[in-house]
Amino acid sequence: MKVRAFLWIFLWCLPLFSSSLHADELTNLLTGKTDSAVAGTDKVISTGSSVQSDKKIRERLHSIFRELEAIKTVSISVNNGVVTLDGEVDSSASETKALQFAKQVEGVVEVQNALVINRSMSKRLQNTWDKLLVMGKQTIAALPLFLLGLLVFLLFWMLGGWISRRQNLFRRISPNAFIANLLGQMTHLVFIMFGLVLALTLLDATALLGTILGAAGIVGLAVGFAVRDTVENYIASILLSVRNPFEVNDLVNIDNFEGNVASLNSRATVLISPDGNHIRIPNATVFKAIITNFTRNPERRFQFDVGVDTNQNLLVAQTLALETLQIMPGVMPDPKPAVLIEALGDSNVQLRIFGWVDQRQHNFGKVRSEAIRGVKQAFDQASIVMPEPIYNLRISQQTETPTALKPSVASVIDRRDVQDVSVDRTIADKVQEEQQVSDSENLLTANAPKE
């Protein structure tokens, strides 16, 4: 129905269009031709062509070709605006140039190409030799200017390098050593680019600068994709040196790797584990990982569980454990220690004991160890039963009597060594040794802002 309605409207309006448009105009409208397209044909080919106009075209082309050594021998014939070029040229560039000049002359309708390129070996060698001579003369003439441009470029290169090594200047802008070094490198690059622009300006070759920058951009993009991980680690090192989520010797947990921080360089963060092993984590991983810093807050809480018999008075057990922690060296009085009932089991009640340690004065692990020993000893003295696991034993006859165990050497060791809760400097000393032997700059500084 829609198609029929459209046809009916078109047939009804057709007489109106036909009465207002000429037949030729209606044809042009239906075929898509415009007035400018139709009129353009009359402007290209003139009806006033004559022998005199052909002669003017030929003379004009002769005068142009005589001025150019490469096409001066080309013969020209013109008939009714059609130009025919005949003869021999030395290269395709000369052929293209002759055809271009012929097409630009006013009144030319068409250009017939009858030119032949001379491929003679001797002629080509002669042309090549002539071009080399011209290039040599131009190079010798431009040599002083080239040396001056090279001298300017080298001077700016050395000046930028000298300024970039003045780290005290950049440390005033940024106290972070890594950022200061980066600013120095950027300053050096700016001086190099400025010297290059001046040198190319002296040589009148500033257009070459756009080509160099374009090529450098393409090469930089390709190299960026090739060393994407390296670039990502470098950028992460910049951000980490600005944020400083940890300092040297901080005990941290990064991506489930725990250890003391030894250094942060432009590629990775180095940890020394409690076992003395080196752990190298890429900075990109460090920047995106969840970091637990156990040292940033010197006060750290420890906890352990103790099971007591279900028949014991829990209030007495809790009070005794709390009093033991309060008089124990290394356990802070504020925040106060706590003893909570964690769970009720089948054969025991589990108590969870909490205490706080100042890690600047005492070792966390040692204080926790002493707390466990002290609570156990206090429970034994108060006859608080801690249920033991039940085992089924099968006894068989032994043919040989085992040798009696000798007293352990540990029994004669001074108890003060066991009960020592002072700060352990073992890993800290290893971190210091690592910094002395490392050949890369440590980006972590004591006066840097902390996150």
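Model, not experiment: these values are computed from the prediction.
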Would you check if Ile71 and Val89 make a side-chain contact, meaning some heavy-atom pair closer than 4.5 Å?
yes
Determine whether Asn283 and Thr269 make a side-chain contact, defined as any pair of heavy atoms from C-beta on separated by less than 4.5 Å.
yes
Does Leu198 form a side-chain contact (heavy atoms from CB on, under 4.5 Å) with Phe153? I'd like the steps, not just the answer.
CA-CA 7 Å; Leu198 283 182; Phe153 178 72; over 6 Å; no
Evaluate side-chain contact (heavy atoms from CB on, under 4.5 Å) for Glu258 paired with Ile279, printing each intermediate quantity in order.
CA-CA 9 Å; Glu258 185 172 316; Ile279 304 174; over 6 Å; no
Quick one: CG on Leu143 to CG on Leu150, what's the gap to the nearest 0.5 Å?
10.5 Å
Just checking, Arg300 and Phe364: is the charged tip under 6.0 Å from the six-membered ring centre and within 45° of the axis?
yes
Could you point out which residue of Arg373, Arg368, Lys366 forms a side-chain contact (heavy atoms from CB on, under 4.5 Å) with Glu370?
Arg373
Donor on one side chain, acceptor on other, Asn249 and Thr295, under 3.5 Å:
no
Might you confirm whether atom CZ of Phe257 has over 12 heavy atoms from other residues, nucleotides or ligands at distances under 6.0 Å?
no
With Lys97 via salt bridge (charged side-chain N to carboxylate O under 4.0 Å, His left out) - residues at least two apart:
none
Is it the case that atom CD in Glu106 sees more than 12 heavy atoms from other parts of the structure closer than 6.0 Å?
no
Quick one: pull up CD in Glu342 and CD in Gln303 and give me the separation to the nearest 0.5 Å.
8.0 Å
Under 3.5 Å, is there a donor-acceptor pair linking the side chains of Asp250 and Asn293?
yes
I'd like to know if Lys288 and Glu232 make a salt bridge, using a cut-off of under 4.0 Å between side-chain N and carboxylate O.
yes
Check: Thr201 and Val197 side chains under 4.5 Å, non-hydrogen atoms
yes
In the structure I gave you, are the side-chain heavy atoms of Phe354 and Leu340 within less than 4.5 Å of one another anywhere?
yes
Is there a side-chain contact between Asn265 and Ser237 (heavy atoms, below 4.5 Å)?
no
Shortest non-hydrogen separation from Pro282 to Asn233 and the atoms involved
CB-OD1, 3.7 Å
Run the side-chain contact (heavy atoms from CB on, under 4.5 Å) check on Leu147 and Leu151 step by step: do they pass?
CA-CA 6 Å; Leu147 294 177; Leu151 179 62; over 6 Å; no
Separation of Asn363 CG from Ser369 OG (nearest 0.5 Å)
10.0 Å
Sequence neighbours excluded, the answer for side-chain hydrogen bond (donor to acceptor under 3.5 Å, both in side chains) partners of Asp255 is none
Heavy-atom check, side chain of Val306 versus side chain of Gln350, under 4.5 Å
no
Residues 323-333, side-chain donor-acceptor partners within the protein, below 3.5 Å, at least two apart:
| from | atom 1 | to | atom 2 | distance (Å) |
| --- | --- | --- | --- | --- |
| Thr324 | OG1 | Leu320 | O | 2.7 |

Is the closest side-chain heavy-atom distance between Asn277 and Ile272 below 4.5 Å?
no
So how far is it from Leu351 CG to Phe304 CZ, rounded to the nearest 0.5 Å?
9.5 Å
In the structure I gave you, are the side-chain heavy atoms of Phe246 and Val286 within less than 4.5 Å of one another anywhere?
yes
CG on Leu202 to CG on Leu145, rounded to 0.5 Å
6.0 Å
Closest non-hydrogen atom pair between Ser164 and Gly184, with its separation
CB-O, 3.0 Å
Distance-only donor-acceptor hits, side chain of residues 185-196, under 3.5 Å, sequence neighbours excluded:
| from | atom 1 | to | atom 2 | distance (Å) |
| --- | --- | --- | --- | --- |
| Thr187 | OG1 | Leu183 | O | 2.8 |
| His188 | NE2 | Trp157 | O | 3.1 |
| His188 | NE2 | Gly161 | N | 3.4 |

For Leu322 and Pro337 the tightest heavy-atom approach is CD1-O, 3.3 Å
Can you check side-chain contact (heavy atoms from CB on, under 4.5 Å) on Glu299 and Val357, steps first, answer last?
CA-CA 6 Å; Glu299 298 178 358; Val357 180; over 6 Å; no
Please find the pair of heavy atoms, one from Leu115 and one from Ala98, that lie closest to each other, and give the distance.
CD1-CB, 4.1 Å
Quick one: list whatever passes salt bridge (charged side-chain N to carboxylate O under 4.0 Å, His left out) with Glu69, sequence neighbours left out.
Lys72
What one should report as the nearest heavy-atom pair of Glu95 and Asn113 is OE2-ND2, 2.8 Å
Name every donor-acceptor pair, under 3.5 Å, that has one atom in a side chain of residues 310-318 and the other anywhere in the protein, sequence neighbours excluded.
| from | atom 1 | to | atom 2 | distance (Å) |
| --- | --- | --- | --- | --- |
| Asn311 | ND2 | Asp309 | OD2 | 3.3 |
| Asn313 | OD1 | Leu315 | N | 3.1 |
| Asn313 | OD1 | Val316 | N | 3.4 |
| Gln318 | NE2 | Val339 | O | 2.9 |

Nearest-0.5 Å distance, CG of residue Asn260 to CG of residue Leu271
8.5 Å
